[in-house]
Amino acid sequence: MVSLTADMSPLHPDRNLALELVRATEAASIRAVPFIGRGDKEAADGAAVDAMRAFFSTVNFDGTIVIGEGEKDNAPMLYNGERVGSGRGPQCDVAVDPIDGTSLTAAGRQNALSVIAVSDQGTMLDASSVFYMDKLVTGPAGVGVVDIRLPIGENIRLLAKALGKPVDEIVVSVLNRPRHEQLIADIREAGAGTRLMSDGDVAGGINAARHNARTDMCVGIGGSPEGIVTACAIKALGGHIQGVLAPRTDDEKQKGLDAGLKIDGTVYEADDLVKGKNTIFVATGVTDGQLVQGVRRDGDFIYTESVVLRGASGTLRRISSEHLTSKWL
């Protein structure tokens with residue numbers, strides 16, 4: 001098997017793979033532009049899926065989608081199990097979210113992203129049978145310090161001590177959902193502040209793990225696929241991530257058990273979500289956010305901003321691109 005960290009050669013792209021994948025997230029983001037703020041999240045997602053899939057075919061790698069748009073019958077393109085890429089080059093597990101934040105895009109809100117994550121073949125947890133996961137994400141200061149099994153107040157105090165700052169300066173990101181009412185109350189009772197997210201917990205997790213970001217921790221129940229994608233990025237940032245699967249029904253719980261998943265409250269550590277450090281995470285902004293700027297059109301030009309994170313090297317690169325409008329819209 002060709003590794004993501006194989007020696008660079010015409011047959012086995014390494015660092016170039018990350019840069020090639022950016023073309024696919026750029027394409028998805030640009031194609032979503034006509035739908036920003038138009039109230040039709042399905043149309044935005046469909047345009048992004050079509051664009052991402054078209055560019056995948058030009059990338060030299062042999063990828064299998066572990067986390068996609070759903071099962072084949074319900075997602076004719078970029079479905080779980082679909083093969084993508086040219087078939088030449090490194091064999092990879094692939095997670096895609098053509099738009100993380102379709103509702104954000106439809107409403108014209110911040111923090112919508114187009115995302116791709118890859119790792120060596122057979123290393124990415126397939127948690128697609130259980131939709132939700134309880135997650136805890138911090139930056140490097142939280143490694144070996146916080147634990148999802150502890151009360152949130154204790155985790156806040158432990159992280160504050162590790163960061164060397166008072167509790168009242170800690171900011172915690174949480175999805176703004178009814179299920180999190182008690183969690184939000186507990187965070188505030190502990191003395192920390194909250195940053196409530198309407199959607200887009202991939203960006204929320206990454207921002208919590210970044211150096212000098214405005215948030216220190218991201219917690220709560222969000223999508224399981226987003227948890228796997230976020231783990232690929234956290235590997236590059238040296239941060240902390242844990243997840244506990246949270247099935248909604250007995251039927252979903254049984255599906256998870258049948259798929260070999262641990263549904264008994266078992267904590268999935270970073271290496272359980274994605275094994276090893278050979279991860280690549282790429283994201284392009286659809287709308288403006290803390291992580292990246294959204295797509296901007298200025299006459300004959302379209303501007304995009306992307307990030308590329310590689311677990312093997314521990315780097316975060318920013319890519320600003322200028323595109324001719326006539327080639328896209």
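Not measured: the values here are computed from a predicted model.
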Could you tell me whether the side chain of E322 and the main chain of Y303 form a donor-acceptor pair under 3.5 Å? no
M197 and V171: same hydrophobic cluster, using ILVMFWY side-chain contacts below 4.5 Å? no
Mind checking the CZ-OG spacing from R83 to S57? Nearest 0.5 Å is all I need. 14.5 Å
Ion pair E82/R53, N-O distance below 4.0 Å: yes
Might you work through the side-chain contact (heavy atoms from CB on, under 4.5 Å) test for H323 and I30, ending with a clear yes or no? CA-CA 10 Å; H323 315 262; I30 292 171; 3.8 Å; yes
Assess whether salt bridge (charged side-chain N to carboxylate O under 4.0 Å, His left out) is satisfied between D134 and R179, documenting all intermediate values. CA-CA 11 Å; D134 193 7; R179 62 179 177 266; over 6 Å; no
Rounded to the nearest 0.5 angstrom, the OG-CZ distance for S321 and R23 is 11.0 Å
N80 side chain vs G68 backbone, donor-acceptor pair below 3.5 Å: yes
Where is the tightest heavy-atom contact between G222 and L175, given as atom of each residue plus distance? CA-CD1, 4.0 Å
Looking at side-chain heavy atoms only, is the closest gap between L125 and D272 below 4.5 Å? no
Partner of I184 under side-chain contact (heavy atoms from CB on, under 4.5 Å), picked from I152, V174, V219, is V174
Apply the test salt bridge (charged side-chain N to carboxylate O under 4.0 Å, His left out) to residues D251 and K255: give CA-CA distance (whole Å), side-chain angles for both, the deciding distance (0.1 Å), then the verdict. CA-CA 6 Å; D251 182 58; K255 287 181 179 178; 3.7 Å; yes
If you define the side chain from C-beta out and look only at heavy atoms, does anything of D120 sit under 4.5 Å from Q91? no
On the 0 to 90° scale, with breaks at 30° and 60°, tag the F56-F61 ring pair as parallel, tilted or perpendicular. tilted
T25-S114 side chain donor-acceptor pair, cut-off 3.5 Å: no
Atom OG1 of T105 and atom CG of D100: how far apart are they, to the nearest 0.5 Å? 9.0 Å
Within the 4.5 Å heavy-atom criterion, are V118 and T279 side-chain neighbours or not? no
Counting C-beta onward and ignoring hydrogens, is there a side-chain heavy-atom pair between N155 and M217 closer than 4.5 Å? yes
Apply side-chain contact (heavy atoms from CB on, under 4.5 Å) to T287 and I36, showing your working. CA-CA 8 Å; T287 59; I36 294 175; 4.1 Å; yes
Output every pair passing salt bridge (charged side-chain N to carboxylate O under 4.0 Å, His left out) with a member in residues 227-248, not counting sequence neighbours, ordered by first then second residue. K235-D271, R248-E252
Partner set under side chain to side chain contact (heavy atoms under 4.5 Å, CB included) for V66, not counting sequence neighbours: D93, M124, D126
Has R296 got its NZ or CZ under 6.0 Å from the middle of the six-membered ring of F301, at an angle within 45 degrees of the ring axis? no
Residues that K161 engages under salt bridge (charged side-chain N to carboxylate O under 4.0 Å, His left out), provided they are two or more places apart: none
Using a 4.5 Å cut-off on heavy atoms from C-beta on, say whether the side chain of R318 contacts that of S306. no
Kindly indicate whether the side chain of V308, heavy atoms from C-beta on, has any atom under 4.5 Å from the side chain of F281. no
Between S86 and N60, does the side chain to side chain donor-acceptor pair (under 3.5 Å) criterion hold? Intermediate values first, please. CA-CA 5 Å; S86 68; N60 282 334; 2.9 Å; yes
Report, as yes or no, whether the 6.0 Å neighbourhood of atom CZ on R210 holds more than 12 heavy atoms from other residues, nucleotides or ligands. yes
Nearest 0.5 angstrom please: T138 OG1 to I156 CD1, how far? 12.0 Å
Could you check whether any side-chain N or O of T304 sits under 3.5 Å from a backbone N or O of V295, counting only pairs where one atom can act as donor and the other as acceptor? no
Does CD in E189 sit with more than 12 non-hydrogen atoms of other residues, nucleotides or ligands closer than 6.0 Å? no
Taking the side chain as everything from C-beta on, heavy atoms only, tell me whether V96 gets closer than 4.5 Å to V94. yes
Hey, are D264 and K253 close enough for a salt bridge, meaning a charged N less than 4.0 Å from a carboxylate O? no
Could you check D40 against R38 for salt bridge (charged side-chain N to carboxylate O under 4.0 Å, His left out), going step by step and ending with a plain yes or no? CA-CA 6 Å; D40 191 343; R38 301 304 175 95; over 6 Å; no
Can you find a pair of side-chain heavy atoms, one from Y268 and one from L261, that are under 4.5 Å apart? yes
Exercise: do Q242 and H240 side chains pair donor with acceptor under 3.5 Å: yes
Is there a path from L273 to I206 through hydrophobic residues (I, L, V, M, F, W, Y) whose side chains come within less than 4.5 Å of each other? yes
One should read off an interatomic distance between L163 CG and I170 CD1, to the nearest 0.5 angstrom, of 5.0 Å
Would a hydrophobic clustering, with Ile, Leu, Val, Met, Phe, Trp and Tyr connected at side-chain separations under 4.5 Å, put I221 with M133? no
Enclosure of D250 CG (heavy-atom neighbours >12, cutoff 6.0 Å): no
Please report the interatomic distance CG(L316) to NE2(H211), rounded to the nearest 0.5 Å. 12.0 Å
